[in-house]
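Read the structure below first, then the notes.
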Amino acid sequence: MITVHAAIPFVGQKPGTSGLRKKVKVFQQPNFTENFIQSVFDVAERPDQASLVIGGDGRFHNRTVIQQAIRMAAANGYGTVLVGQGGILSTPAASHVIRKYGGSGGLILSASHNPGGPEEDFGIKYNIANGGPAPEAVTEAIYQRTTAIDRWLAVDTPDIDLDRLGQTQVGDMTVRVIDSVADYAELMESLFDFAAIRTAVKGGLRLAVDSMHAVTGPYAVDIFERRLGFAAGTVRNAVPLEDFGGHHPDPNLVHARALYDTMMGDDAPDLGAASDGDGDRNLIIGKGIFITPSDSLAMLAANAHLAPGYAGGLKGIARSMPTSAAADRVAAAMGIPAFETPTGWKFFGTLLDAGKATICGEESAGTGSDHVREKDGLWAVLLWLNIIAASGKSVQQIASEHWAQFGRNYYARHDYEAVETKCAVALMQDLAAALAQLPGTAFGGLVVRACDSFGYTDPVDGSVSSNQGIRILFDGGSRIVFRLSGTGTQGATLRVYLERYEPVGGILDAASPDMLEELVCAADAIAAITRRTGRTAPDVVT
Ligand code: G1P
Ligand code: ZN
């Protein structure tokens, strides 16, 4: 029986860079979650009896929302819901399941790398039939709908057993609880040379993976320990916990510090990797060497042909604007196009669908390819393993040879978190207003060549996105980018992206902080960060 629940709109249901993200307490308000899901169902393009994929990263509130989404889907004319066992689907696995089973879309419940628990964050993201995040036209339509919503529909039925594989009827709709890992693991086997990696493991190749008590634990144990034969215990923090063990499931040098220390230690394994809450991000550390995500993208692209899934070459490489230009140099050497898109994976979707790009990446530890329509943390680890196994080279060797061939883009991102929103917005506005005066100005040895507020016209569908961050480009290929985060849940986060290019023959083996000092000073001189925010140092450096 379908019940109609009266509702009034909530302010603030506008999806950000990656869906709607709020504190759990906000989602727990009566009607808040239901209004949003109903708005998705009201605007989503879907045939009658469509199938919907639902899964999440296992954080607190995941199961509650899944049960409610199932009741609502049944009342809204869906024919089938596919849900991961225990409510678990990593973001890339959800993308794959949507594509493989012809889903009309999916609800991915995650706040990615943000902490979880009753006092922490939750999120809902809608992905469309290609498996990728809803494009802006769709998220905007969802948002518009949230401002006018006056009812939501549900069937009156008890919770289903999410832990038992198999089918259940909910009203006229079939709910299938599917294995969270199997489809994804098979896809990985089809892309990479598992036999070669297994041989390398027998020959002594060692790996350390930190799943950060988040969604990739079951995937990583199955793929690395069971299918590839790495030693038991290769995957640490492998059990997903609702609060991620009280940590931020953010695979960076702050939150994955223990892994970093292992990798810098005497008896370090050959490769260290971590992934985030929902499994789309990755951290890559070689024995004694951290690889920035921007470099990882470039090095993976340069060597991807060593993996069977990419043996035919790449069609193009895409990166988000704040990501370093290292990948562009690889694309140029290969004679394939390089795309520079706004921040957020959704902008890669059209390029991947149109066959214009094969590999994509973001500086925020996101890398992926056309195998799904999300970034994919474990995919990046597997491609690194495949390259190491096929080439017989260490991460250090791969990196040194890469820089010797292409030059090196030293890179760091400085985040100033929970800045008062008004203050952050004013900083960006004043910066934008001052751009016209900057070209030709010198900051130490850095001379501004050009600057702009980044705008993007999608080369496939022509859609335009403006105000996507401020770029200050210096002579010689160095750069500073200023942007406000679109995923934060508290105040504003100012991101300052620093990049210094050293050409072939330049200083290629220095420590990044030393090489970026001048850019840090220039950033403060240009944007008056300290004076305006009172902050003398960033909260997080990645
Ligand atoms: C951040 C990252 C961005 C990524 C997004 C979702 O967005 O910077 O690259 O796509 O998370 O994972 P931001 O908070 O900067 O808007
Ligand atoms: Zn994520």
Side-chain angles (χ1 to χ4, degrees), residues 14-21 55-59 89-95 108-116 121-125 127 132-134 136 139 211-212 214-216 219 240 244 248-252 255 274-283 292-294 297 318-324 340-349 360-368 372-380 411-419 424 428 454 465 467-470 481-497 539-540 542:
K14 192 178 176 67
T17 311
S18 199
L20 186 67
R21 259 183 222 176
D57 64 10
R59 68 180 56 227
L89 278 179
S90 77
T91 291
S95 181
I108 302 180
L109 311 177
S110 170
S112 191
H113 50 288
N114 295 8
D121 293 351
F122 192 74
I124 305 182
K125 186 168 79 158
N127 281 29
E136 283 200 328
T139 54
S211 282
M212 306 190 92
V215 80
T216 58
Y219 296 84
F244 308 117
H248 285 234
D250 193 350
N252 61 29
H255 298 296
S275 46
D276 72 334
D278 61 330
D280 56 358
R281 295 186 176 200
N282 69 85
L283 171 73
T292 68
S294 294
L297 170 66
R319 64 167 172 89
S320 67
M321 181 274 281
T323 305
S324 96
E340 185 177 32
T341 62
T343 297
W345 204 262
K346 59 189 171 198
F347 292 100
F348 295 135
C360 311
E362 295 194 275
E363 53 65 40
S364 53
T367 337
V372 289
R373 292 295 179 272
E374 289 278 6
K375 57 196 174 218
D376 188 343
L378 296 183
W379 171 91
Y411 191 88
R413 186 179 92 187
H414 288 192
D415 290 340
Y416 298 82
E417 293 178 341
V419 176
M428 290 299 289
F454 181 64
S465 308
N467 295 322
Q468 297 292 323
I470 288 177
V481 172
F482 298 91
R483 237 190 104 243
L484 295 186
S485 157
T487 57
T489 52
Q490 234 176 348
T493 296
L494 172 67
R495 303 202 195 284
V496 183
Y497 308 82
D539 298 287
V540 183
T542 49

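First listed ligand is number 1; within each ligand, the first listed atom is number 1. Hydrogens, waters and symmetry mates are skipped; everything else that's a heavy atom, side chains included, is used.
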### Query
List-wise, which protein N, O or S atoms are found short of 2.8 Å from the Zn ion (ligand 2)?
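You should have found Ser112 OG, Asp276 OD2, Asp278 OD1, Asp280 OD1.
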### Message
Side chains of Thr367 and Asn282 only: does a donor on one sit below 3.5 Å from an acceptor on the other?
### Response
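Looking only at side-chain atoms, Asn282 and Thr367 do form a donor-acceptor pair, the distance falling under 3.5 Å.
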### Task
Verify the distance criterion only: is there a donor paired with an acceptor across the side chains of Thr216 and Ser275 at less than 3.5 Å?
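Result is yes, a qualifying pair exists.
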Between ligand 1 and the protein, which N/O pairs are shorter than 3.5 Å?
| residue | atom | partner | partner atom | Å |
| --- | --- | --- | --- | --- |
| ligand 1 | 9 (O) | Glu362 | OE1 | 3.3 |
| ligand 1 | 9 (O) | Glu362 | OE2 | 2.8 |
| ligand 1 | 9 (O) | Ser364 | OG | 2.6 |
| ligand 1 | 10 (O) | Glu362 | OE1 | 2.7 |
| ligand 1 | 10 (O) | Glu362 | OE2 | 3.4 |
| ligand 1 | 10 (O) | Lys375 | NZ | 3.3 |
| ligand 1 | 11 (O) | Arg281 | NH2 | 3.0 |
| ligand 1 | 12 (O) | Arg281 | NH2 | 3.1 |
| ligand 1 | 12 (O) | Lys375 | NZ | 2.8 |
| ligand 1 | 14 (O) | Ser485 | OG | 2.6 |
| ligand 1 | 14 (O) | Thr487 | N | 3.4 |
| ligand 1 | 14 (O) | Thr487 | OG1 | 2.4 |
| ligand 1 | 14 (O) | Arg495 | NH2 | 2.6 |
| ligand 1 | 15 (O) | Arg483 | NH1 | 2.6 |
| ligand 1 | 15 (O) | Arg483 | NH2 | 3.4 |
| ligand 1 | 15 (O) | Arg495 | NE | 2.7 |
| ligand 1 | 15 (O) | Arg495 | NH2 | 3.4 |
| ligand 1 | 16 (O) | Thr17 | OG1 | 2.7 |
| ligand 1 | 16 (O) | Arg483 | NH2 | 2.8 |
| ligand 1 | 16 (O) | Gly486 | N | 2.6 |

### Query
Between Asn127 and Arg373, does a side chain to side chain contact (heavy atoms under 4.5 Å, CB included) hold up when you go through it step by step?
CA-CA 9 Å; Asn127 281 29; Arg373 292 295 179 272; over 6 Å; no
### Task
Could you tell me how the ring of His248 sits relative to the ring of His255: parallel (under 30°), tilted (30 to 60°) or perpendicular (over 60°)?
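Taking His255 first and then His248, their aromatic rings lie parallel (interplane angle under 30°).
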### Task
Go through Glu417 and Val540 one step at a time and tell me if the side chain to side chain contact (heavy atoms under 4.5 Å, CB included) criterion holds.
CA-CA 8 Å; Glu417 293 178 341; Val540 183; 3.6 Å; yes
### Message
According to side-chain contact (heavy atoms from CB on, under 4.5 Å), who are the partners of Lys346, at least two apart in sequence or on a separate chain?
### Response
Pro133, Glu136
### Query
Checking Arg281 side chain against Asn252 main chain: does a donor-acceptor pair fall under 3.5 Å?
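Such a contact is absent between Arg281 side chain and Asn252 backbone.
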### Message
Going by the rule salt bridge (charged side-chain N to carboxylate O under 4.0 Å, His left out), which residues pair with Arg413 if we only count those two or more places apart in sequence or in a different chain?
### Response
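Expected list: Glu363, Asp415.
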### Message
I need the single residue from Asp276, Thr91, Asp250 that forms a side chain to side chain donor-acceptor pair (under 3.5 Å) with Ser112. Which is it?
### Response
Asp276
